[in-house]
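Reading through the structure tokens given below for one structure.
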Amino acid sequence: MQAAPSLPERLIAHLDMDAFYASVELLRYPELKGRAVVIGGRREHAPRTLADGTREYSLLRDYTGRGVVTTSTYAARDLGVFSAMGLMKAALRAPDAILLPTDFDSYRHYSRLFKAAVAEIAPVIEDRGIDEIYIDLTDVPGIREPVGHDPLGGAKAVAREIKNSVLKATGLTCSIGITPNKLLSKIASELEKPDGVTVLTMEDLETRIWPLAVRKVNGIGPKAAAKLAALGVETVGDIAGKTLPWLVENFGKSYGAWLHEASHGRDRRPVVTYSEPVSISRETTFERDLHAKQDRALLGRIFTQLCEQLAGDLSRKGYLSRTIGIKLRFEGFVTVTRDLTLDLPIADAAAIRHAAGLCLKRVDLSKRLRLLGVRAGNLSHPGDALRGRPARKAKPAAASETPEAESLSLFEDLPL
DNA sequence: TCTGGGGTCCTAGGACCC
DNA sequence: TCTGGGGTCCTAGGACCC
């Protein structure tokens, strides 16, 4: 039978696991179901099993430190605790919430399980991190079959089949949006969360998408939303009501044109099933701000450790890097980066540390440091032909960047 | 009581080459 | 000696996302 004429050429799904990290923890600690639980912080908050077999949990009120909320259960969200919120602030809102440490190994395990379950039904999958994926359903058998008088019945049936398969493989629920493109599907998957299915066509744009706040669009962040609000633009429909020249005038040629397309629900991006990484990095925020001079030895050890971890990541994944960079965050949250492109790609810790050390010399280190990071970019594989021409001679450091004498030797003469 | 760690992409200026 | 334009690479910062 011929597909209904209103069905779009592409059918793209966005699948988002519901409160993923928190839900994985509830599998392990089912007695916490229904309670306000917050995931975040460093190791020390693991539950303790008492002699009688009962478990004792840490409470959010007892937390001290610089951690943030990674995820929270829906009960915790009802108390105003959301992702990326500082744990100390979260403790003020929900002092009796249970605090669990993040256990990435476990989340990665369930991530592999749910993705494999989806792949058995629809193999064209784009990874968007540990808890979400895009799926191109265009060629899945039965997707365009109407059910009764519903031309979208086939799509809804496939969505339910995928959700059942994920639940069976992991014990976890997810939400799925199916629309003609990635942009709309990403929005749609959120509309019926948790455990929801939302199928939209272009005909639903005005009623379902236009009333939404601009922040619901993937790619409109806090800065763009604030600027839009200042211009009297609150909803996606408000954007669609503006002309292309108006948007370009206020947001630039590229972003303005994208806003125009996005507000009209247009997006031609394909589902990309494989991509090479652009960079690999390691960074750490200190428990307290450290000073280059007073805490020199400690900083040196941390610096060396970051380089060793990065070297381990590179070799484990089979990459060489020709551009090594550092990231510094000072007290007050001012962030600075420096990088250096080498003649030849490297991967070992000593070479990374040397290059990163050269970057470090270009930064004024008189302020206390909150974070230190090391990054490897310009990645290649060991047998690849060299890309680019040899790096030119580095220009001398600008006068304003010339470090103090003691900074010059900072972190050096500490052997790996 | 401020704000983790791991990423991608874009912009913009200067160097350098043709 | 002056005047170009195009293209790529490098670097720094910033917005945004999970």
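Residue numbers start from 1 in every chain, and the chains themselves are labelled A, B, ... in the order their sequence lines are given, proteins ahead of strands.
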- Provide, to the nearest angstrom, the distance between the CZ atom belonging to A:Arg61 and the C1' atom belonging to B:dT1. 16 Å
- Query: If you round to the nearest 0.5 Å, how far is CD1 of A:Ile130 from NE2 of A:His109?
  - Reply: 12.0 Å
- Message: One thing to verify: whether A:Glu25 and A:Arg28 come together as a salt bridge, which I'm taking to mean a side-chain N less than 4.0 angstrom from a carboxylate O.
- Response: yes
- Message: Please tell me whether A:Thr71 and A:Ser83 have a donor and an acceptor in their side chains that are separated by less than 3.5 angstrom.
- Response: no
- Item | Between C1' of B:dT1 and CD of A:Glu287, the distance in whole Å | 16 Å
- Item | Watson-Crick or G-U stems of DNA chain B, 3 or more pairs, under 3.5 Å, by first number | B:5-18 with C:5-18
- Task: With sequence neighbours excluded, tell me which residues meet side-chain hydrogen bond (donor to acceptor under 3.5 Å, both in side chains) with A:Glu120.
- Result: none
- Item | Spacing of A:Thr73 atom OG1 and A:Leu79 atom CG [to the nearest 0.5 Å] | 8.5 Å
- Message: Can you build the contact string for nucleotides 5-12 of chain B? Use B for base contact, S for sugar-phosphate-only contact, and - for no protein heavy atom under 4.0 Å.
- Response: BSSSS-S-
- Message: Can you classify the ring geometry of A:Tyr29 versus A:Tyr57 as parallel (below 30°), tilted (30 to 60°) or perpendicular (above 60°)?
- Response: perpendicular
- OH of A:Tyr110 to OH of A:Tyr107: how many Å apart, nearest 0.5 Å? 11.0 Å
- For DNA chain C, the residues among residues 215-238 of chain A that have a non-hydrogen atom under 4.0 Å from it: A:Arg215, A:Val217, A:Asn218, A:Gly219, A:Ile220, A:Gly221, A:Pro222, A:Lys223, A:Ala224
- Pairwise C1' distance for B:dT3 and C:dC16, with rounding to whole Å: 16 Å
- Could you state the CE-P distance from A:Met88 to B:dG4, rounded to the nearest angstrom? 13 Å
- Item | Pair A:Arg370 + A:Glu283, salt bridge at N-O below 4.0 Å | no
- Listed by chain and number, what are the salt bridge (Lys or Arg N to Asp or Glu O under 4.0 Å) partners of A:Asp105, not counting sequence neighbours? A:Arg108
- Item | salt_bridge(A:Glu192, A:Arg208) N-O dist < 4.0 Å | yes
- Item | Whole-Å gap separating P (C:dC18) and NZ (A:Lys193) | 11 Å
- Query: Any stacking of A:Phe333 on B:dC2, going by centres under 5.5 angstrom and planes within less than 30 degrees?
  - Reply: no
- Anti or syn - B:dC2, cut at 90° from 0: syn
- Query: Between B:dC17 and C:dG4, how far is it from one C1' atom to the other, in whole Å?
  - Reply: 14 Å
- Message: Expressed as a whole number of angstroms, how long is the span from A:Asp289:CG to B:dG4:P?
- Response: 11 Å
- Task: Grab the two heavy atoms, one from A:Pro194 and one from A:Tyr74, that are nearest each other, plus how far apart they are.
- Result: CB-OH, 3.6 Å
- Query: Whole-Å distance between B:dG4 C1' and A:Leu306 CG?
  - Reply: 14 Å
- Query: Less than 4.0 Å between a side-chain N and a carboxylate O, is that true for A:Arg66 and A:Asp289?
  - Reply: yes
- Whole-Å distance between B:dT1 P and A:Arg93 CZ? 15 Å
- Please list, by residue number, the residues of residues 100-110 of chain A whose heavy atoms come closer than 4.0 Å to an atom of DNA chain C; answer none if no residue qualifies. none
- Salt bridge check: are A:Asp136 and A:Arg10 linked by an N-O gap of less than 4.0 Å? no
- Query: Do the charged groups of A:Lys186 and A:Glu132 touch, with an N to O distance under 4.0 Å?
  - Reply: yes
- Task: Select from A:Ser83 and A:Leu92 the residue whose nearest nucleotide in DNA chain B is closer to the 5' end of that strand.
- Result: A:Leu92
